[in-house]
Protein chains: 6
Amino acid sequence: MIYVTKRVEFSASHRLFNPLFDENKNNEIFDKCNNINGHGHNYVLDVTVAGIPDPETGYVIDLKLLKKIINEELIVYVDHKHLNFDVDFLEGIIPTAEHLAVLFWQKLEIKIKNGKLHKIVIYETANSFVEYYGEPIEIKVYN
Amino acid sequence: MIYVTKRVEFSASHRLFNPLFDENKNNEIFDKCNNINGHGHNYVLDVTVAGIPDPETGYVIDLKLLKKIINEELIVYVDHKHLNFDVDFLEGIIPTAEHLAVLFWQKLEIKIKNGKLHKIVIYETANSFVEYYGEPIEIKVYN
Amino acid sequence: MIYVTKRVEFSASHRLFNPLFDENKNNEIFDKCNNINGHGHNYVLDVTVAGIPDPETGYVIDLKLLKKIINEELIVYVDHKHLNFDVDFLEGIIPTAEHLAVLFWQKLEIKIKNGKLHKIVIYETANSFVEYYGEPIEIKVYN
Amino acid sequence: MIYVTKRVEFSASHRLFNPLFDENKNNEIFDKCNNINGHGHNYVLDVTVAGIPDPETGYVIDLKLLKKIINEELIVYVDHKHLNFDVDFLEGIIPTAEHLAVLFWQKLEIKIKNGKLHKIVIYETANSFVEYYGEPIEIKVYN
Amino acid sequence: MIYVTKRVEFSASHRLFNPLFDENKNNEIFDKCNNINGHGHNYVLDVTVAGIPDPETGYVIDLKLLKKIINEELIVYVDHKHLNFDVDFLEGIIPTAEHLAVLFWQKLEIKIKNGKLHKIVIYETANSFVEYYGEPIEIKVYN
Amino acid sequence: MIYVTKRVEFSASHRLFNPLFDENKNNEIFDKCNNINGHGHNYVLDVTVAGIPDPETGYVIDLKLLKKIINEELIVYVDHKHLNFDVDFLEGIIPTAEHLAVLFWQKLEIKIKNGKLHKIVIYETANSFVEYYGEPIEIKVYN
């Protein structure tokens, strides 16, 4: 197997809080990430596909195609958006990087037909990031 | 002269629009930066002070002190905030990086007593940034 | 004045040699950059425009517009190209980063109408780069 | 096990095309990577060796030695070269990053005697890279 | 499982030598790393914790907490220190990055109660780094 | 004029203190930089030369030559060294980045004959750096 990765970026806002907690508990747990008007990041997203290179092209997956899939399935929905309000598939989710990774996986996996989605990495800042390999994780939806 | 720089980061939301424009014009000019719920960035801020090193310390300005000033005057007000709603000294300002540079200058200049504030650089993303050297620029306040 | 910069990248090949030198002299001066089949780089290009922010938008120049100009005037001509063979406006020029900076300036300057082109930086690698502020420099064309 | 990595860089040209395809098909599949005169990159190469640190030195493998091996086996052959024309061990290969990874592995593996070659990463650009762990992959040679 | 990582930096000196070797052998093996007065690095440390996100917070481990643990267990002891002389838990150890990884693991593992310590990466420079996943490795202590 | 820059790195130790201050004052002013056994950094050094490109080569100065000068005049003396003890031309100097910039300038300026030394930048860390343009600055030597 060879693992090929496309890196893309998007800029978005979010607010971290649990609607079932009171204000004090949200502040205690989420601290400044609980700012009512939100805050934002330049997110970096690495999408890795595993496979064998096609002998006729030398590609596991054409990275131009992978970039097109990432743009069409994710970036148009999350770039320059507020993740708590503007994104249908994130509705009711606490938008931590962990949760974004799981939900981004669901959007990408079915669209990748050359090779197999192997890993998603999301950098919230240069010093904080999460990695996800697609093991099923249930995510609570708050209404 | 020697120029010493401290780099810091902060994460914030903003929305770019002019309240005197109608929705169409705001969309035409500010495009996705006009998203009503805002979007966000990991801003990088470089603050440069010019001066002669003190012969007793070898410092133009102790960068620990410069960092303390930047934190106390700016970062506590803008980090994990929405720049349109949460920051008194940005009230009514269109929060472009250009405007942030000018208003950050005003907050820092009077606090720097070792050397002289020389330059402010603000990176909105790794590929978009502004530099400002303190020449007076009038900024319109919208109420 | 405020200085706003857009950074873009392009990937290209080049070969450095002077057609009036013999092979020995070209090897002595240009060393491995004289490889007959060329070699390549991921060039990084920073374009800086100086001006006063428009009070109605807070922009010196909309960086989306600046990016469009850079793409239309330069990137479509040089990205994924061989700079010695594929680019009309570089014909007969020794394609050092110094020369690219001067010729890129000529292409961009007349197209920038908000603010004034102030600086071009070209990184050939992360450790080698040139800066140019538009002072007239004559460049020899070899036919 | 501990995994130690040396990162090196090289600048090279390549052209992606399949000699059995006609021009239209090559353009359709490889797009601008099929530019006849080639294009280039600053490639970044990470070589990872796995092993137990020697109790007398604390090294899995002395990274000065690893760097020497990478230079002697790879860098002198590919740096400032055109990968389609100048490199014996790449002759007839479509020089995608996937294929480079496999062929670089073959050159390095037999030379590493402290620890065991574990992974090769090749960045074609900062946003496109491949990883390879040495599983046997057959690569088609076009003559 | 999701893997979350916090990156921190510290600046330290070290000297690499084996007290049982004579000067010639130390110079031969450790070369300029054996400089008697030491030399230094800006080390970068990535600490990765594996786990399932808590449905009430969306966090595997709150990265503010992970950063606090790293600071209290490691950074206060090693930042702006000489690793051969100033750090109790490194006494008698040859302070290679490999050894630091193992000893840092021992300090962190028992303190992490949300999720499980999964990986430590230590960059000595941008081009030289080690990864460690916690497999038991015996490290020789020289007195 | 065109400005060409070569970036190099070196790893070194230093300790910041003034021998005329008592221990309390040194701790108060230099804080953890006053650690008796020193600490270290991966310094990054940018050397910029200004000039007109030679029409026969397209170079202001061949960056291979500039790198050779930087290595021979500076890097062999400071890389993997302790700046307080091991470097003749820094003897008695408080080794702040400001002072290094001035003394590095003196070593480089006389050796650069193509173009003119224009600027030196020294990064002590990614977030702390100094710039120097060669204006005469007297530096106190402590014996």
Side-chain angles (χ1 to χ4, degrees), chain B residues 14-22 25-35 39 41 44 46 48 83-84 90-106 118-143, chain C residues 1-11 41-75 78-79 104 108 112-123 125-127 129 131-134:
Chain B
H14 71 163
R15 177 192 170 198
L16 298 186
F17 74 108
N18 182 324
L20 303 184
F21 293 170
D22 63 20
K25 191 160 182 193
N26 271 319
N27 278 331
E28 185 197 318
I29 291 180
F30 295 105
D31 197 57
K32 58 186 181 176
C33 296
N34 179 38
N35 184 49
H39 65 282
H41 300 291
V44 175
D46 287 355
T48 302
L83 302 180
N84 299 64
L90 298 177
E91 215 176 301
I93 300 293
I94 303 176
T96 59
E98 288 91 327
H99 284 171
L100 296 183
V102 176
L103 290 155
F104 285 10
W105 183 281
Q106 293 169 9
H118 173 69
K119 180 164 71 159
I120 280 178
V121 187
I122 299 178
Y123 294 80
E124 213 169 79
T125 71
N127 298 324
S128 300
F129 58 95
V130 307
E131 296 163 273
Y132 178 57
Y133 293 84
E135 293 168 81
I137 288 179
E138 218 173 313
I139 294 187
K140 188 158 174 49
V141 182
Y142 295 87
N143 293 304
Chain C
M1 297 293 258
I2 292 191
Y3 304 85
V4 301
T5 299
K6 190 69 200 172
R7 168 168 291 190
V8 299
E9 305 195 16
F10 64 97
S11 296
H41 299 292
N42 300 322
Y43 290 89
V44 176
L45 168 64
D46 287 355
V47 178
T48 302
V49 172
I52 303 296
D54 178 333
E56 288 204 326
T57 63
Y59 287 151
V60 167
I61 180 174
D62 182 350
L63 287 182
K64 293 185 297 293
L65 171 62
L66 181 55
K67 188 176 179 182
K68 188 166 173 287
I69 293 171
I70 302 169
N71 277 333
E72 288 176 1
E73 298 302 310
L74 294 178
I75 300 306
V78 297
D79 186 35
F104 285 9
L108 292 176
I112 292 169
K113 293 170 202 317
N114 309 60
K116 196 179 160 340
L117 182 57
H118 173 69
K119 179 163 72 159
I120 280 179
V121 187
I122 299 178
Y123 294 79
T125 71
N127 299 324
F129 59 94
E131 296 162 273
Y132 178 56
Y133 293 84

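Because the structure is a prediction, the values reported are computed rather than measured. Naming convention: chains lettered A, B, ... in sequence-line order (proteins, then strands); numbering from 1 in each chain.
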Could you tell me which portion of [X] (side chain, backbone, both or neither) has an atom closer than 4.5 angstrom to a non-hydrogen atom of chain C?
{"X": "Leu20(B)", "result": "neither"}
{"X": "Phe17(B)", "result": "neither"}
{"X": "Val121(B)", "result": "neither"}

| request: Taking all non-hydrogen atoms of both residues into account, name the closest pair between Arg7(C) and Ala126(B) and its distance. | output: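 Smallest heavy-atom distance, with atoms named: CD-O, 4.0 Å.
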| said: Please give me the minimum heavy-atom distance between Asp31(B) and Lys64(C), naming the atom from each residue. | reply: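 Looking at all heavy atoms of both residues, the closest pair is CB-CE, 3.7 Å.
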| task | State whether the side chain of Glu98(B) and the backbone N or O of Val60(C) hold a donor-acceptor pair below 3.5 Å, judged by distance alone. | result |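 Checked: pair present.
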Atom pair [atom1] ([X]) and [atom2] ([Y]), whose distance is rounded to the nearest 0.5 Å:
{"X": "Ile29(B)", "Y": "Tyr59(C)", "atom1": "CD1", "atom2": "OH", "value": "9.0 Å"}
{"X": "Thr96(B)", "Y": "Ile2(C)", "atom1": "OG1", "atom2": "CD1", "value": "7.5 Å"}
{"X": "Glu56(C)", "Y": "Phe21(B)", "atom1": "CD", "atom2": "CZ", "value": "4.0 Å"}

| field | Interchain contact, Lys67(C) with chain B, by part (heavy-atom threshold 4.5 Å) | value | neither
| Is chain B contacted by the side chain of Pro55(C), its backbone, both, or neither, given a heavy-atom distance below 4.5 Å? | both
| field | Check: Ser128(B) and Lys6(C) side chains under 4.5 Å, non-hydrogen atoms | value | yes
| query | Looking at Lys140(B), Glu138(B), Glu135(B), which makes the most heavy-atom pairs under 4.5 Å with chain C? | reply |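 Between Lys140(B), Glu138(B), Glu135(B), the count favours Glu135(B).
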| note | Note: vs chain B, highest number of non-hydrogen pairs under 4.5 angstrom among Leu63(C), Thr57(C), Val8(C) is Thr57(C)
